[in-house]
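Worksheet: one structure, shown below.
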There are 2 protein chains.
Amino acid sequence: MLDLAILGLLQEGDLHGYEIRRRLRQSLGLVSNVSFGTLYPALARLEAAGAVRSVAPLAPTSEAPSGPATGSLSGELAALRARRSTLARPKRSKKVYRLTDEGRVLFTELLADTGAGDDARAFSLRLSLGRHLTVEARTRLLERQHDRVALRLAEVTDAASSAELDSYARCVVEHQADTLSNDLAWLERLIAAERASQHQPTTTSGRHAVAPANS
Amino acid sequence: MLDLAILGLLQEGDLHGYEIRRRLRQSLGLVSNVSFGTLYPALARLEAAGAVRSVAPLAPTSEAPSGPATGSLSGELAALRARRSTLARPKRSKKVYRLTDEGRVLFTELLADTGAGDDARAFSLRLSLGRHLTVEARTRLLERQHDRVALRLAEVTDAASSAELDSYARCVVEHQADTLSNDLAWLERLIAAERASQHQPTTTSGRHAVAPANS
DNA sequence: AAACCAGTATATCGCTTCGATATAACGAAC
DNA sequence: GTTCGTTATATCGAAGCGATATACTGGTTT
């Protein structure tokens, strides 16, 4: 789950751990701040698996919006030289991570693997990365979530009506039902939009798309 | 977090693990089904801490809606005798847990401890158990959650407007903002209701209530 | 009646995640 | 020039999750 998020962020460019943590919350809209006790083991895991590798930190200016640092070896060397000559002591500096080709493969695998992580957070994450999916895969993702939410809504509605709950518990489940039906409407709107774009494939075709997984 | 939920359920009567798992979802409205790998270690933990103890399984009829099994020793014996004579269903290896006095103390502690578990799930759980809180403690709980949600909403709104997000990520954060503002309105309604009942303490006073924690 | 399958129930294993904490470097305030 | 806040990496123990193993029970098939 977290691996997918990290790989997704790293597609945009090289990042170090602290920055990844910030963007996980901001860009991907993940609910809770991922703790370092989660993030760093995850990065180490991915590095061990060969999905990312740490590169020398280049110019600490900004987030390098143009080229995602492909083949800027001379630049890196220059940055390293400058650092060594002027500021000195690179002891424990930033570790900047870069996605490898293997990592890109892993990314598409994790993104397409709908079985892993049936969480609501997992869905939000995958939808946030929807740009990397084909129209079909996106639609399936949305439909699957729609079914899950509908099922849960039925359960919650049933529990709210039949069971003997005191006022506070009832209050909570009723609000939960409200939220769920709101989610459901939202999902239905999105599905309708995808269906429309599927029948009129005008603009966005899936370039970096994931092949429609079997089943 | 889970400990509090278990103790809360056990206040209504004795339960075995499998039943606790079902009610966690139904009554307390907890999102995901708690897995056994979570539940049984938690029960063992609570038993080791003396908060619950396993008793002989009594009548498998229903959920004992009347008295929550205080001093019903003769009832247990009768149930056991009846079981042995008529239906003969000893249903071995069913471990029924009962709350101890120590467990009741732990329950009020966990319920009042607002610091632990700043999760949205922790809030829902505590509000579901709101009956065991004083009006003041409940109001504080609601206000705290209100502030948290308001803060998060500001962050999300900011991220949605300023940052460069592609259409899918934007879609997710916008829906998140929508959900959050809905939550906020709900919390404000609840707070207003609590304030009203605080100024006109007509009906429900906190009998099993928790003392207003310091700070 | 024996064999089989599905449901109920308890328990454990390995891995991931969390929260707290330690450590270190840097820049700014004082 | 030393203290302090921010940025940053790393580790530890506890808790949670998913998969899995193990039984007992009730109903169906053969």
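Order of the sequence lines fixes the chain letters, A, B, ..., with proteins taken first and strands second; residue numbering starts at 1 for each chain.
- Nearest-nucleotide positions on DNA chain D place A/P41 closer to the 5' end than the other of B/R45 and A/P41.
- A salt bridge links A/E155 to A/R152: one of the charged nitrogens lies within less than 4.0 Å of a carboxylate oxygen.
- The CG-P distance, from A/D119 to C/dT16, rounds to 16 Å in whole Å.
- Relative to the six-membered ring of B/Y97, B/R53 misses at least one condition, a distance below 6.0 Å or an angle of at most 45° to the axis.
- Between the CG atom of A/D3 and the P atom of C/dC15 there is a distance of 14 Å, rounded to whole Å.
- Counting distance only, with no hydrogens placed and no angle test, the side-chain atoms of B/S35 and the base atoms of D/dG16 include no donor-acceptor pair under 3.5 Å.
- Between B/R23 atom CZ and C/dA9 atom P there is a gap of 12 Å when expressed in whole angstrom units.
- Computed from coordinates, the A/R21 CZ to C/dT17 P distance equals 15 Å when rounded to whole Å.
- Going from atom CG of A/L110 over to atom P of C/dT16 covers 12 Å, rounded to whole Å.
- Rounding to whole angstrom units, CD1 of residue A/I6 and C1' of C/dT16 are separated by 12 Å.
- Comparing D/dA10, D/dA8, C/dA11 against the side chain of B/Y97 picks out C/dA11 as the nearest.
- Distance CG (B/L15) to P (C/dA9): 12 Å, rounded to an integer number of Å.
- A close approach under 4.0 Å does occur between a side-chain nitrogen or oxygen of A/Y40 and OP1 or OP2 of D/dT9.
- A/N182 meets the side-chain hydrogen bond (donor to acceptor under 3.5 Å, both in side chains) test with B/D178; sequence neighbours excluded.
- Atom CG of B/L39 is separated from atom P of C/dT10 by 9 Å (rounded to the nearest Å).
- Note on A/G37: a base of the nucleic acid sits closer than 4.0 angstrom, heavy atoms only.
- Remark: A/M1 CE to A/I6 CD1 distance equals 10.0 Å, nearest 0.5 Å.
- Here the nucleotide nearest the side chain of A/M1, chosen from C/dT17, D/dA15, D/dC17, is C/dT17.
- Relative to the side chain of B/V34, the nucleotides D/dC17, C/dT17, C/dA9 differ in distance, and D/dC17 lies closest.
- For B/R22 and C/dG7, the shortest distance from a side-chain N or O to OP1 or OP2 is not below 4.0 Å.
- Electrostatic pairing of B/E12 and B/R98 does not count as a salt bridge here, judged by no charged N lying under 4.0 Å from a carboxylate O.
- When each of B/Y18 and A/F36 is assigned the nucleotide of DNA chain C with its nearest heavy atom, B/Y18 is the one assigned upstream, toward the 5' end.
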